[in-house]
Novice: 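Okay, here's the structure, questions in a sec.
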Amino acid sequence: MKLIFQLLDVDYFLNGGKKPTIRLFGKTASGNAVCVFYDKFLPYFFIKPNDKTADALPAHREIVSAEKVEKFLPIGHQQAPTPLLKLTLTNPQDVPRIRDTFLENKSCDEVFEADILFKYRFMVDFNIHGMGWVEAECTIAPTKTVSVPAYHAETIAPVANEANTGLKYLALDIECLPTDTRRPLDPKNNTIIMIALSFEPAYRGQTSLVLVAKQLQGKETKGFQNEKEMLAEFLTIIDTYDPDIVTGYNINSFDLPYILDRLDAHRLPRTFGRVKDKPVFAKKIGLFQECGLPGRVVVDPYQILRRDPWIKFHRYNLNTVAKELLNEEKLDVVYSDIPKLWAGAREETSHLVEYARKDADLSLKLVIKKELLDKFLELSKISGLLLQDCFSGQATRVETMLMYEFKKRNFVMQARPSQHLVNQRTKEREKIGIKGATVLEPKKGLHAEGCTLVLDFRSLYPSIMRSFNISTDTLILNGQAASHTSPSGASFVTQEVREGIMPSVLTKLLDARSAAKKLMKSETGEKRKMLNARQLALKDISNSIYGYTGYVRARLYVMDVANSITAYGRQNIETTKKLIEDSFPVEVIYGDTDSLLMKTTITNPEEAYKLGNTISRKISDALPGYLELEFEKIYRTFLVLTKKRYAGWKFVFEGGVWKDDIEMKGIETIRRDWCPLVSETTKHVIDVILKEGDIQKAITSLREVLEKLKEGEIPLEKLTIVKGITRSLESYEGISPHIELARKLNTRNPSEPVKIGDRLGFVIIKGNQLLSKRAEDPEYVRKHNISIDSEYYIYSQLLPPIERILNAVGVSRSEVLGSGRQTNIMDILTGTKRKMKHTIDVTVRQPQSLNGWEGLVCKTCSKSYRRMPLAGACDCGGDLLISYHGSMGTKIIGN
DNA sequence: TGCGAGCGGGG
DNA sequence: GTGTACGCTCGCA
């Protein structure tokens, strides 16, 4: 019979004769889980033989064949393939040992592909991808080792299909019973008292069920005699429901490992994956913990959100994340109250039950409603990685994707670097220092005479790689006639000689992305969502190829490649700047990596748009290869403080009207250690400067704020600084205001001590003590009519950020404070640059208020930039507007 | 300005 | 499992 299914997971087991059998877990189009066995594939790797090889081979009885092959090596351009030996074994687990013996004895010159997981060896060779569709010619296999229908396959082949089959989701959340809430939980002694489960689709008509380790029945609640019975039922439910996806908040480093420990404690089996011969495992690598349920996929929204460069939260606890993304909150239970609630009256325990239920529910909602998985499904299909392995870093994705390409083109893949080599690379980089992208020196100050145009290079680094054929396999290593040399001095063959694998992959990825975006427009519903996730995934992966070549742990770490790309980037921004200034009546006033901002004398946004489009067209025509300069947007006025810190008054024509908005990059208006007054005042000052060009007015309004501060007229809420208590008070060594306040509060009210995780708001009051001793509870201040320390708020809170802004428009601190020399006043009254009410030739509709969400993302946007060395089209361009709408990613305007 | 330590989520 | 995996913020020099 023929079986067609979407591939969820792959593993293998060893048969009696130590021969491997591959197991493919999947779901058919109708949603049935299946497992397919394939036993006609053996592990192998390549060696570059030397004169000792022939003698060494017979010593290894595990090697069943040594076949002469010719392959291209991964790094450096070669005219002809290199003779290699392909060594085939039977047991994948023998590979590392034999590989190491060959290397230690120098029985070969080099080893290739001896560090590829057997499942991936199989997938690459059969060209089947994670979440891709597979066709198997098979018969029913009688086996008790697998909990879903099993088949024995004669043939395995990929099927072209982009659709996704329906998946079954189970979210779980456990509650434990601590003996001492101040100490960490000990899974040996502290029992699990509840397991909350949420199902999608429903399980026996229920979408929620809480298992409780005591006799407590209720709606969607099931009580048990003890923990052991509860755990046994948990195992039964997983078996019966048979979820594809198991999720839960921080499930990888808490719930699942804890459950495993408690199963062990009761001598219950750990087998709640889809196989009975392999337990669920927990592995910790450094700080990172991961659990695996064979045949299922563990999804941890916490880990996904933490690693997502597009969204930032100030905290990553479930409550914060759920509030921001779902507009829902956890129920109100304090950790230290759990023993009391558990031991207490029925209502109290029920409250804890509902608390657990809500947590499981929120996790499931995060994954499903916020479509956290969608992009990863597509990343899986594109890279080939199994879905489970898509959640870790970008490097593996690029690497696996390239492995499929290497195989197709008769290349072998480079070995993973040893720890030693990684250290060496890291040191080398530190010593030499890596040259990054160019940030043009900004023409500081306010630009208000005409509109500022923002133009961006589209997918800069991918375009450079394509335009100049930059790849590990086009790099000229040993002085062959250079086809062309990059500004950093490395040479590459041209496309006519050989198209590089990376440029060719990039072309495919970028074309696929355009196609997906185009298709999206005419699609709706699931198909459209899939296409959107797909184009985001394609963008992610194309933008990470450049970074991969400069990542110390990469198999294909080739600094000549990485450096050439950035070198071309730097050259490009400089030459384009010159080209623009030579060809158009504009002045480039700023640029960063892949963006150029230019000043015009045009006050009419419509005309500014026309010029922007003309520049884009003309310059793109003149640029080499695939480089394209896109017109992004206009700022009617533009204020730049320093590199990476600026604000612009943006105008967009949308739905028949002009809409405006203040955009800020790198100017922080929200910071945890600032009080709301700072954010408010900073924003206001920028607003006045950009929209009215009236610096005097900005100063005056700032002075008013300072006056009010001195008079004590600013409400305490605006002066409250919030900081969290992250650990026990005793463990804080130094003195910080919020800790001092916490201690004070505990003395005042010992019955309700400050707990870890609490966020304390405080204001700084007048006095002679150390600053941190003068943190006080705003309520207390109000009640006792205590004066706040206006000096502190002026000099430590307000002035530092605002001074930076005013300095950029030529205002000194003494001027702001009104204590400066009199000539300053004259300057203010007469100086033309101080007053320039600008013309706006359009009717402006009131700016739309951003909802809380977008505001958060906006703030984040600049941050995420700082961290992504090169995130592609949106990197530091100043044109990145992220809104979280429906899907995990983002809407990136103009991209 | 640059570096090292420390923390995260969960209960 | 043909394994070996952080990344940021804050405090201090």
Side-chain angles (χ1 to χ4, degrees), chain A residues 11-12 14 20 42-45 62 87 89 91-100 111-122 173-187 190-194 248-258 278 281 283-290 292 300-303 305-307 309 312-321 330 333-339 342 352 355-356 359 363 389 391-393 395-396 415-419 422 553 671-673 723-724 726-727 731-736 756-757 863-864 866-868:
Chain A
D11 76 348
Y12 78 95
L14 289 173
L42 292 176
Y44 65 85
F45 65 99
E62 299 90 339
L87 306 183
L89 288 71
N91 186 345
Q93 289 158 10
D94 290 336
V95 172
R97 202 182 63 246
I98 293 173
R99 168 194 69 199
D100 293 341
V111 168
F112 296 98
E113 305 193 356
D115 53 4
I116 294 164
L117 294 187
F118 187 53
K119 58 184 175 189
Y120 283 113
R121 169 81 287 155
F122 168 79
D173 175 58
I174 64 168
E175 304 301 327
C176 303
L177 188 62
T179 36
D180 178 353
T181 53
R182 290 165 305 177
R183 314 200 135 267
L185 275 169
D186 171 17
N190 302 131
T191 61
I192 300 175
I193 50 176
M194 289 172 193
Y249 207 75
N250 205 19
I251 192 182
N252 265 323
S253 49
F254 182 71
D255 304 67
L256 284 176
Y258 207 98
K278 220 188 208 179
F281 63 88
K283 55 179 177 185
K284 0 186 186 331
I285 312 116
L287 263 182
F288 213 72
Q289 253 189 320
E290 200 182 40
D300 192 335
Y302 166 68
Q303 286 177 347
L305 293 171
R306 263 226 94 106
R307 307 183 77 114
K312 291 283 167 258
F313 299 93
H314 58 284
R315 295 191 66 194
Y316 284 87
N317 54 14
L318 179 56
N319 201 45
T320 310
V321 165
K330 277 165 75 100
V333 167
V334 183
Y335 173 54
S336 53
D337 286 348
I338 290 180
W342 180 243
L352 190 57
Y355 169 80
D359 278 9
S363 299
D389 299 327
F391 303 114
S392 46
T396 352
R416 266 226 181 87
S418 61
Q419 188 57 51
V422 170
R553 292 187 195 281
R671 253 176 58 169
R672 258 186 279 175
D673 50 352
K723 275 195 176 173
T726 50
R727 45 209 161 100
S731 65
Y732 281 92
E733 297 252 330
I735 39 168
S736 52
I756 297 173
K863 276 194 176 174
S864 68
R866 237 179 280 152
R867 299 210 270 116
M868 273 200 295

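Note that the structure is predicted; figures quoted are calculated from it, not measured. We name chains A, B, ... by the order of the sequence lines, and we start the count at 1 in each one.
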Novice: Using a heavy-atom cut-off of 4.0 Å across all strands, would you classify A:Asp337 as base, sugar-phosphate, or nothing?
Specialist: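 Answer is nothing: A:Asp337 stays at 4.0 Å or more from every strand.
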Novice: To the nearest angstrom, how far is A:Phe281 atom CZ from C:dG1 atom C1'?
Specialist: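 The answer, rounded to whole Å, is 9 Å.
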Novice: Under 4.0 angstrom, heavy atoms only, what part of the nucleic acid is A:Glu113 near: base, sugar-phosphate, or nothing?
Specialist: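 The residue A:Glu113 makes base contact.
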Novice: Given side chains that start at C-beta, do those of A:Asp115 and A:Phe45 come closer than 4.5 Å, heavy atoms only?
Specialist: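 They are not in contact (no side-chain heavy atoms under 4.5 Å apart), so the answer is no.
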Novice: Is the shortest side-chain heavy-atom distance between A:Arg121 and A:Val95 below 4.5 Å?
Specialist: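 Heavy-atom side-chain distance check fails, nothing below 4.5 Å.
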Novice: Side chain of A:Tyr249, heavy atoms from C-beta onward: which of B:dG10, C:dG3, B:dG11 has the nearest atom to it?
Specialist: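 Closest nucleotide among those given: B:dG10.
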Novice: Round to a whole Å and report the spacing from CG of A:Asn250 to P of B:dG9.
Specialist: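 It is 9 Å, rounded to the nearest whole Å.
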Novice: Of all the heavy-atom pairs spanning A:Met194 and A:Ala356, show the shortest one and how long it is.
Specialist: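 A:Met194 and A:Ala356 have their closest heavy atoms at SD-CB, 4.3 Å.
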Novice: Checking contacts here: which listed nucleotide (B:dG9, B:dG11, C:dT2) is nearest the side-chain heavy atoms of A:Leu185?
Specialist: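 Minimum distance to the A:Leu185 side chain belongs to B:dG11.
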Novice: What's the closest nucleotide to the side chain of A:Arg553 if the choices are B:dG10, C:dG3, C:dA5?
Specialist: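 Nearest nucleotide to the side chain: C:dA5.
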Novice: Residues two or more places apart in sequence or in another chain: which of them pass ring-ring contact (aromatic ring centres under 6.0 Å, His included) with A:Tyr355?
Specialist: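 ring-ring contact (aromatic ring centres under 6.0 Å, His included) check on A:Tyr355 returns nothing, list empty.
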Novice: How close or far is atom C1' of C:dG3 from atom CD of A:Gln419, stated in whole angstroms?
Specialist: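 Going from A:Gln419 (CD) to C:dG3 (C1'), I get 13 Å.
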Novice: In this structure, how many angstroms lie between the P atom of B:dG10 and the CG atom of A:Leu177, rounded?
Specialist: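 So the two atoms are 19 Å apart, to the nearest Å.
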Novice: Whole angstrom is fine here: how far is it from CZ in A:Phe254 over to C1' in B:dG10?
Specialist: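 It works out to 5 Å between those atoms.
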Novice: Look at all strands and tell whether A:Leu89 reaches a base, only sugar-phosphate, or nothing, counting heavy atoms closer than 4.0 Å.
Specialist: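 Nothing, no nucleic acid heavy atom in range.
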Novice: NA contact type, A:Arg99, heavy-atom cut-off 4.0 Å: base, sugar-phosphate, or nothing?
Specialist: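 The residue A:Arg99 makes sugar-phosphate contact but no base contact.
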Novice: Please determine if a side-chain N or O atom of A:Tyr12 lies less than 4.0 Å away from the OP1 or OP2 oxygen of C:dT2.
Specialist: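 So the side chain of A:Tyr12 is within the cut-off, an N or O lying under 4.0 Å from OP1 or OP2 of C:dT2.
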Novice: For A:Asp300, which contact category applies under a 4.0 Å heavy-atom criterion: base, sugar-phosphate, or nothing?
Specialist: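 No contact at all - A:Asp300 keeps every heavy atom at 4.0 Å or more from the nucleic acid.
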Novice: If the P atom of C:dT9 is compared with that of C:dA5, how far apart are they to the nearest Å?
Specialist: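 Pairwise P distance, C:dT9 against C:dA5, rounds to 23 Å.
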Novice: Just jot down the side-chain contact (heavy atoms from CB on, under 4.5 Å) partners of A:Pro257, sequence neighbours excluded, or say none.
Specialist: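 If we apply the side-chain contact (heavy atoms from CB on, under 4.5 Å) test to A:Pro257, skipping adjacent residues, the hits are A:Gln289, A:Cys291.
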Novice: Hey, is the side chain of A:Tyr335 pairing donor to acceptor with the base of B:dG11 inside 3.5 Å?
Specialist: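 A donor-acceptor contact between them is present.
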Novice: So if I take every side-chain heavy atom of A:Leu117 and compare against B:dG11, C:dT2, B:dG10, which nucleotide ends up nearest?
Specialist: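 The listed nucleotide nearest to A:Leu117's side chain is C:dT2.
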Novice: Between C:dG7 and B:dG9, how far apart are the C1' atoms? Round to whole Å, please.
Specialist: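 After rounding to an integer number of Å, I get 15 Å for this pair.
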Novice: Using whole Å, what does the distance between atom C1' of nucleotide B:dG10 and atom CG of A:Asn190 come to?
Specialist: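 It is 14 Å, rounded to the nearest whole Å.
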Novice: For B:dG9 and A:Arg307 - does any side-chain N or O of the residue sit under 4.0 Å from the phosphate oxygens OP1/OP2?
Specialist: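 For A:Arg307, the contact criterion (side-chain N or O under 4.0 Å from OP1 or OP2 of B:dG9) is not met.
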Novice: What's the CZ-C1' distance between A:Phe112 and C:dT2, to the nearest Å?
Specialist: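 Distance, rounded to whole Å: 16 Å.
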Novice: Taking 4.0 Å as the cut-off, does a side-chain nitrogen or oxygen of A:Lys330 come that near to OP1 or OP2 on B:dG11?
Specialist: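 Answer yes for this pair, as a side-chain N or O of A:Lys330 is under 4.0 Å from OP1 or OP2.
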Novice: Taking any heavy-atom pair under 4.0 Å as a contact, classify A:Ile116: base, sugar-phosphate, or nothing.
Specialist: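 Touches a base.
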Novice: Any idea which heavy atoms bring A:Ser363 and A:Tyr249 closest together, and the distance?
Specialist: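 Result for this residue pair: OG-N, 3.2 Å.
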Novice: Considering only side-chain heavy atoms of A:Leu318, which listed nucleotide, C:dT2, B:dG9, B:dG10, is closest?
Specialist: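 Looking only at heavy atoms from C-beta outward on A:Leu318, the closest nucleotide is B:dG10.
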Novice: Which part of the nucleic acid, if any, lies within reach of A:Asp115 when heavy atoms closer than 4.0 Å are counted: base, sugar-phosphate only, or nothing?
Specialist: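 A:Asp115: base contact, heavy atoms under 4.0 Å.
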Novice: Within this structure, what is the CZ-to-C1' distance between A:Arg315 and C:dC8, rounded to whole angstrom?
Specialist: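 Checked: the CZ to C1' distance equals 15 Å.
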Novice: Any chance you could lay out the side-chain contact (heavy atoms from CB on, under 4.5 Å) test for A:Val333 and A:Leu352, step after step, and finish with the verdict?
Specialist: CA-CA 7 Å; A:Val333 167; A:Leu352 190 57; 4.0 Å; yes
Novice: If you check the A:Pro96 side chain, which of C:dG3, B:dG9, B:dG11 turns out closest?
Specialist: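 Nearest nucleotide to the side chain: C:dG3.
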